[in-house]
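Just so it is clear, the values below take in all heavy atoms, side chains as well, and ignore hydrogens, waters and symmetry mates. Treat the numbers as computed from the prediction; the structure is a model and nothing was measured.
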Amino acid sequence: MSDNQLLCNFRSCRRPLDDFAWVTFCSHIFCDNHGKPLTQTPCECSACGARLVDKTDIHRVDLEPSEQFKSMVLAGLRPSTVMEVCHRALAFWSHQMDQELNHQRHLNQKLRERAHHVHTYYEQEMRARDEHLNLLTGQLGALQRDHDKCNKQKQSLNERLSEKTRQYHKLQDLYDCLRKRTGQIRARSCSPPPGTSTAISTTCLSMVQMDGAPQPPNMLPPTRLALIEGVPPTGSLSPRKPQSYQVLTEFTFQPSIFTEPGDPSDLHGDGAPV
C-alpha cells in the first residue's frame, strides 16, 4: 500500500480507495459498495461493531477534492478549530496506518505459523522417508547377500552335477562294455562243440536271441520244440511284452552227443532219449 492510499476496512474487501469513501465516527473507512448499507441507521459498523445511530455518524468524503473545496472547507474557522480539525484528520490517518500495520503483522504471524507447521510436517516426512530408505537399503543388502549365497550354491551344485554326469557316463560306458563282454561269453557258452549237428546250434542261437540268456541243451524237448506265440519266459521278475517266437524245425536227436556210445541204460530200443 502506498503512503497516500487507504484500504477498505471491510474484512473480505481490503481494496484500495481512489475516488469516494464512507467514513464513520469510530475511525473506519469503507468503499462505496460496503459504505452505502451503513447509511440505513441505526446499524453497526462492519469493522468494530459500534452502533451508528445518527446520520452524522457516517458521511461520504471525496478522496480527490477539487481546489475550490480545499479553499472553502476550512475557510472562516478559527485557527484553533482548524488545528483541531487537522489533528483529528491526522489521528484518523494514523489510526488507519496502525490498523493496516496490525493487520499485516497478523497476516505475517499466521503465515509464519503456517510456514513453521509446513516445515515441521516436511521434516517429519523427510525423517520418515530417510528411515524407510535406510530400511529398504538394509533389506536390499540382505537380499543381495542371499542372492550371492544362492549363486554360490548354484555354482557348487552345477559343479557337483557335472562331476556326477561324468561319473554317470563313465559307469554307462563300463556297463556297456561289460554287457557286450557278457553277451559274447553267453554266445560262446551256447555255441555247440565240434561234431554237434547244425540243428542244435540253430536252436541254441534262437533261444539266446529270444530270451537274452542261453538255455542248457538238456532242457530241449526230445523231438520237436514248439514255442507258443505270446507266452513270456518263466522266472522273470517283471512282465514283458509278448514276443513272437518261431516254431523250430524238427531235428533228429543224436544221443552220441550227450551219452557215451555203447551205454544201453540211457537209450531205448528205438534210439530215443529217456
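In this structure, F20 is not a member of the same hydrophobic cluster as L6, with clusters built from ILVMFWY side-chain heavy atoms closer than 4.5 Å. Both F92 and V61 are assigned to one and the same hydrophobic cluster, defined by single-linkage of ILVMFWY side chains at heavy-atom distances under 4.5 Å. Hydrophobic clustering places F69 together with L74 (ILVMFWY residues linked when any side-chain heavy atoms are closer than 4.5 Å, directly or through intermediates). Linking ILVMFWY residues whenever their side-chain heavy atoms come closer than 4.5 Å, directly or via other members, leaves L77 and M72 in distinct clusters.
Identified under the side-chain hydrogen bond (donor to acceptor under 3.5 Å, both in side chains) test for residues 7-35, with sequence neighbours left out: Q5-D18, N9-Q96, R14-E100, W22-D32. Within the structure, side-chain hydrogen bond (donor to acceptor under 3.5 Å, both in side chains) contacts touching residues 60-88 (residues at least two apart or in different chains) are E84-R88.
Remark: side-chain polar atoms of S156 are not paired, donor with acceptor, to backbone N or O of K152 under 3.5 angstrom. At distances below 3.5 Å, at least one donor-acceptor pair connects side-chain atoms of D57 with backbone N or O atoms of D54. Using a distance-only test at 3.5 Å, with no hydrogens or angles considered, a donor-acceptor pair links the side chain of T165 to the main chain of L161.
Among Q104, K110, R112, the single residue meeting the side-chain contact (heavy atoms from CB on, under 4.5 Å) criterion with N108 is R112.
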When you look at E123 and H119, which way does the side-chain hydrogen bond (donor to acceptor under 3.5 Å, both in side chains) test go after all the steps?
-> CA-CA 6 Å; E123 279 186 349; H119 180 70; 2.6 Å; yes
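Put simply, SG on C48 and CD on Q99 are 8.5 Å apart, with the number rounded to the nearest 0.5 Å.
Annotation for F25: atom CZ counts as buried by contact number, over 12 foreign heavy atoms lying within 6.0 Å.
By the side-chain contact (heavy atoms from CB on, under 4.5 Å) test, R114 is found to be paired with V118, residues two or more places apart in sequence or in another chain being considered.
Checking H169 against D173 by side-chain atom types alone, no donor-acceptor pair falls below 3.5 Å. Counting only N and O atoms by type, the side chains of E113 and H117 include no donor and acceptor under 3.5 Å apart.
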